[in-house]
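As the structure is a computational prediction, the values presented were derived from the model and not from experiment.
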Amino acid sequence: MATNAAAPPCPCYDTPEGVDILGRYDPEFAAILTRDALAFVAGLQREFRGAVRYAMERRREAQRRYDAGELPRFDPATRPVREAGSWACAPVPPAIADRTVEITGPAEPRKMVINALNSGAKVFMADFEDALSPTWENLMRGQVNLRDAVAGTITYRDAARGREYRLGDRPATLFVRPRGWHLPEAHVLVDGEPAIGCLVDFGLYFFHSHAAFRSGQGAGFGPFFYLPKMEHSREARIWKGVFERAEKEAGIGRGSIRATVLVETLPAVFQMEEILHELRDHSAGLNCGRWDYIFSYVKTFRARPDRLLPDRALVGMAQHFMRSYSHLLIQTCHRRGVHAMGGMAAQIPIKDDAAANEAALELVRKDKLREVRAGHDGTWAAHPGLIPAIREVFEGHLGGRPNQIDAAAGDAARAGVAVTEEDLLQPPRGARTVEGLRHNTRVGVQYVAAWLSGSGSVPLYNLMEDAATAEISRVQNWQWLRHGAALDAGGVEVRATPELLARVVEEEMARVEAEVGAERFRRGRYAEAGRIFSRQCTAPELDDFLTLDAYNFIVVHHPGASSPCKL
């Protein structure tokens, strides 16, 4: 039989039945998007898409009840789960007993991944969610990076600096955060519809790296994940199903995969026991995703004029509802035998002002001392420059212990303080100002401009901003305008109105142009970002997510990327 061995290779992806790839073809990406890997992803999509649709509709139903005046609460139907002392999560794998300091960052660019793994942190959470703009290039290069990181072969050559980057002797343990259930992947179609983004992220990474991870840094366990944006235990139940299917197909033991759930929505704080119960064979604890949690507080109470937030700089862990959330998370995790992880330190080093840099570090130390004394087992940092200070605080308090799970640690946990529904819902206190409106606008517009240009983790005004902090800016502006909040303008009270916002946007856009320079402003997507941000702040109904609304602006289809290969 004649063969066509001399024919040039098809410049497209080899996809299984029912799968189409609309992203740009690249041979490096094709090594990730293999026929078998895509079949694995498609299997996940087909089994779980119905459950995901149902869960998203239940989210919308819950929001309609909150809009009508209902408050989030502990579910009476699951009281036996919360009150039962007879169950616990699976024992913590030895590879992740010590998580005192974790660094987070996007899965792309490659150099940033290497630097994070070499940062001295115990864990690196590689992000496909809030810290990554989900362009096709970013997502696929991120998958390549993580495959190579797990294999230990990741390197990067910086030609401009003449420097080679490679892994050190003791890299951080890798966790991966896929996108939330609500986000689609428009470049991957399964049976003619966009795949669920998190199943693409999880599926491709797991397929290519589970064996190498378990035989290496996982020491018989893994891979390890962070799970974002959940609002109810039914969403954790879907992840349980995903994990069990993946373990079965890979031929590895049940409970090999472990995941930490980010408690970053107000409804989820009332479901922490139930979430852990669903994932008890796969749990690696809970994390205080505090920036998204503030965003969720506004979104949940968007119809309530009695729940207006003060300036976002004033909504910290000293607020009663935030402190209560942290204490309840610690109590819940330690009762069930898993890690209670603290929140993000978003500060970045201030290189040209030693005094300001030391003041910022002191704020970080105080925040982390509060966390470890409360009982948290570890915490997050956005920049490698913070890690020595944070490690000093946590390791000094722990005195050689890897965590506080089995200790009666933390003032709140030791005292057995009961956290009530009222504690978790107490309105925050503080001033609302025109300067706060300006700061929200300035940060929000610059973040959206960067996100549209492919960057999801953006240093602004000595803080590392990601989608969570941009969301706070957006929803707070919307909330103030929706309810005509009284704002302090240097001792004069003014009302938040669309006209005021229009003037603020115009003036802050001019300020941003002066700060970044006319040429960068012109080449960037600032004008487009200003329009998107303004539209979202003045919309009649609050959009669920900034990134969901803006996603279509970064989708680029290449329709012939897979179909020519089909026979």
Going through the distances and angles, do Asp311 and His439 end up as a side-chain contact (heavy atoms from CB on, under 4.5 Å)? CA-CA 9 Å; Asp311 286 4; His439 184 78; over 6 Å; no
Side-chain donor/acceptor of Ser215 to backbone N/O of Ala211, under 3.5 Å: yes
Would you call Asp26-Arg24 a salt bridge at under 4.0 Å N-O? yes
Lys NZ or Arg CZ of Lys122 over Phe394 ring: under 6.0 Å, within 45°: no
Between the main-chain N or O of Val364 and the side-chain N or O of Gln347, is there a donor-acceptor pair closer than 3.5 Å? no
Around atom CD of Glu362, are there more than 12 heavy atoms from other residues, nucleotides or ligands closer than 6.0 Å? yes
Is it the case that the side chains of His334 and Asp377 hold a donor-acceptor pair, with the cut-off being a distance below 3.5 Å and no angle test? yes
Please tell me whether His376 and Ser326 have a donor and an acceptor in their side chains that are separated by less than 3.5 angstrom. yes
Distance only, no hydrogens: is a donor on one side chain within 3.5 Å (strictly under) of an acceptor on the other, for Tyr325 and Gln319? no
Does the side-chain contact (heavy atoms from CB on, under 4.5 Å) test come out yes or no for Trp181 and Ile196, once each step is laid out? CA-CA 7 Å; Trp181 287 121; Ile196 298 164; 4.0 Å; yes
Keeping the roles fixed (side chain from Arg336, backbone from Gln331), state whether a donor-acceptor pair exists under 3.5 Å. no
Using side-chain contact (heavy atoms from CB on, under 4.5 Å), reason through Ile350 and Asp353 one step at a time and then give a plain yes or no. CA-CA 6 Å; Ile350 306 170; Asp353 190 331; 3.9 Å; yes
Check for a donor-acceptor pair, side chain of Arg323 on one end and backbone N or O of Ala318 on the other, with a separation under 3.5 Å. yes
Measure the spacing between NZ of Lys240 and OG of Ser283 and express it to the nearest 0.5 Å. 12.5 Å
Atom pair CG/CG of Asn287 and Leu329 - distance to nearest 0.5 Å: 7.5 Å
Short side-chain to backbone donor-acceptor contact, Asn462 and Ile348, under 3.5 Å: no
Within 45 degrees of the ring normal and closer than 6.0 Å to the centroid, is that where the cationic atom of Arg163 sits relative to Tyr156? no
Begin from the C-alpha positions of Tyr226 and Trp380 and carry the test ring-ring contact (aromatic ring centres under 6.0 Å, His included) through to its verdict. CA-CA 13 Å; Tyr226 261 100; Trp380 274 15; 5.3 Å; yes
Can you tell me how far apart CZ (Arg391) and CG (Leu386) are? Round to the nearest 0.5 Å. 13.5 Å
Taking atom types as modelled, is there a side-chain donor on Tyr447 or Glu471 under 3.5 Å from an acceptor on the other? no
Using only atom types and a distance under 3.5 Å, with no angle test, would you say the side chain of Ser256 pairs donor to acceptor with the backbone of Ile252? no
Got a second to check how far Arg170's CZ is from Gln217's CD, nearest 0.5 Å? 13.5 Å
I'd like to know if Arg280 pairs up with Glu278 as an ion pair, taking the criterion as any Lys NZ or Arg NE/NH1/NH2 lying under 4.0 Å from an Asp or Glu carboxylate oxygen. no
So, are Arg258 and Glu247 salt-bridged, with charged N and O less than 4.0 Å apart? no
So, for Leu174 and Ala126, which heavy atoms are closest and what is the spacing to 0.1 Å? CD1-CB, 3.8 Å
Under-4.0 Å salt bridge between Lys229 and Asp130: yes
Any chance the rings of Phe243 and Phe202 have centres within less than 6.0 Å? yes
Using a distance-only test with no angle check, is there a side-chain donor-acceptor pair under 3.5 angstrom linking Ser233 and Gln271? yes
Could you check whether Phe175 and Phe225 have their ring centres less than 6.0 Å apart? no
Determine whether a donor-acceptor pair (N or O, by modelled atom type, separation under 3.5 Å) exists between the side chain of Glu235 and the backbone of Glu231. yes
His383 side chain vs Gly385 backbone, donor-acceptor pair below 3.5 Å: yes
Is Glu465 salt-bridged to Arg312, cutoff N-O under 4.0 Å? yes
Using 30° and 60° as the class limits, which term best fits the ring planes of Phe521 and Tyr526: parallel, tilted or perpendicular? parallel
Taking the six-membered ring for Trp and the single ring otherwise, decide whether the centroids of Phe213 and Phe224 are under 6.0 Å apart. yes
Mind running side-chain contact (heavy atoms from CB on, under 4.5 Å) on Ile275 and Trp239 for me, showing each step along the way? CA-CA 10 Å; Ile275 288 169; Trp239 274 117; over 6 Å; no
Arg141/Glu28 ion pair, N-O < 4.0 Å: yes
Angle between ring planes, Tyr297 versus Phe321, binned at 30° and 60°: parallel, tilted or perpendicular? tilted
Indicate whether any N or O donor in one side chain lies under 3.5 Å from an N or O acceptor in the other, for Gln536 and Asp549. yes
Looking only at side-chain N and O atoms, does Asp98 offer a donor or acceptor that is under 3.5 Å from a partner on Thr100? yes
What are the two closest non-hydrogen atoms of Ala37 and His208, and how far apart are they? CB-NE2, 3.7 Å
Could you check whether Thr260 and Arg99, counting side-chain N and O atoms only, form a donor-acceptor pair closer than 3.5 Å? yes
Verify the ring-centre separation between Tyr25 and Tyr13: is it less than 6.0 angstrom? yes
Compute whether any side-chain donor of one residue and acceptor of the other, for Asn138 and Glu108, lie under 3.5 angstrom apart. no
What closest approach, in Å, do Ile103 and Ser119 show between heavy atoms, and which atom pair accounts for it? CG2-OG, 3.7 Å
Say you draw a straight line from CH2 of Trp451 to CD1 of Ile532; how long is it, rounded to the nearest 0.5 Å? 8.5 Å
So, Asp148 and Arg110, do they make that salt bridge, N to O below 4.0 Å? yes
Charged N-O contact under 4.0 Å between Asp281 and Arg254: yes
Can a salt bridge be assigned to the pair Glu129 and Arg179 using a cut-off of 4.0 Å between side-chain N and carboxylate O? no
Does Ser455 reach the main-chain N or O of Ser457 with its side chain, forming a donor-acceptor pair under 3.5 Å? no
Do the side chain of His557 and the main chain of Ala186 share a donor and acceptor less than 3.5 angstrom apart? yes
